[in-house]
Amino acid sequence: MKINPELIKEYGAVSREVVSAMAANVKQFMKTDYAIATSGIAGPDGGSLNKPVGTVWIAVATSEGVEAKCFTFGEHRMRNIRRAAIAALNELRLKLLEK
């Protein structure tokens, strides 16, 4: 279960394209109905103008496809990690409620 290195090279690890591929690959590899994936910059370092600290992409893969969203949580590493986990689970919850 690998992500095409060209995706990372072109878009960066913290991107819609990469988390979408991650979620789709996990769903297929694990043979599940749903999968979630996250990639972000928790901090305190690593941010840029285009992707500041706190930027997190979250993707949910379903039988209908993959949906990814970008979140910006702030500059506090532990809060960013916690918020990303909560947001990812909430995105999955919302998908489950659509059924």
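- Here Y34 is tied into one hydrophobic group with I36, V60, L89, L92, L96, each link being a pair of ILVMFWY side chains closer than 4.5 Å.
- Apart from M78 itself, the hydrophobic cluster it occupies contains I81, where clustering links Ile, Leu, Val, Met, Phe, Trp and Tyr at side-chain heavy-atom distances under 4.5 Å.
- Within the structure, the salt bridge (Lys or Arg N to Asp or Glu O under 4.0 Å) test picks out the following pairs touching residues 83-94 (sequence neighbours left out): K69-E91.
- The shortest distance between side-chain heavy atoms of V56 and V19 does not fall below 4.5 Å.
- Partners of E98 according to the side chain to side chain contact (heavy atoms under 4.5 Å, CB included) rule, which considers only residues two or more places apart in sequence or in another chain, are K95.
- Between the N80 side chain and the G74 main chain, a donor and an acceptor come within less than 3.5 Å of each other.
- Checked against side chain to side chain contact (heavy atoms under 4.5 Å, CB included), I86 has the following partners two or more places apart in sequence or in another chain: R82.
- Here ring pair (Phe, Tyr, Trp, His ring centres under 6.0 Å) pairs that include residues 75-95, with residues two or more places apart or in two chains, number zero.
- Grouping Ile, Leu, Val, Met, Phe, Trp and Tyr residues whose side-chain heavy atoms lie under 4.5 Å apart, directly or via other members, leaves L49 alone, with no other cluster members.
- Under the 4.5 Å side-chain heavy-atom criterion for ILVMFWY residues, a single connected hydrophobic cluster contains both Y11 and M22.
- For V14, the side chain to side chain contact (heavy atoms under 4.5 Å, CB included) criterion is met by S39, I41, K51, T55, W57, not counting sequence neighbours.
- Residue pairs meeting the ring pair (Phe, Tyr, Trp, His ring centres under 6.0 Å) criterion with at least one partner in residues 77-99, sequence neighbours excluded, are absent.
- Residue pairs meeting the salt bridge (Lys or Arg N to Asp or Glu O under 4.0 Å) criterion with at least one partner in residues 53-62, sequence neighbours excluded, are absent.
- Under the rule for a side chain to side chain contact (heavy atoms under 4.5 Å, CB included), the partners of N4 that lie at least two apart in sequence or sit in another chain are E6, L7.
- In this structure, CE on M30 lies 12.5 Å from NZ on K27, to the nearest 0.5 angstrom.
- One distance of note links CG of N25 with CD1 of I3; it measures 4.5 Å at 0.5 Å rounding.
- Across A23 and A37, no two heavy atoms sit closer than the pair N-CB, 3.6 Å.
- Between the side chain of R77 and the main chain of G43, a donor-acceptor pair closer than 3.5 Å is present.
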Should V53 and D45 be marked as a side-chain contact (heavy atoms from CB on, under 4.5 Å) after you check the CA-CA gap, both sets of side-chain angles, and the distance that decides it? CA-CA 7 Å; V53 169; D45 301 320; over 6 Å; no
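- Nearest heavy-atom pair, V66 versus A61, reported as atom, atom and distance to 0.1 Å: CG2-CB, 3.8 Å.
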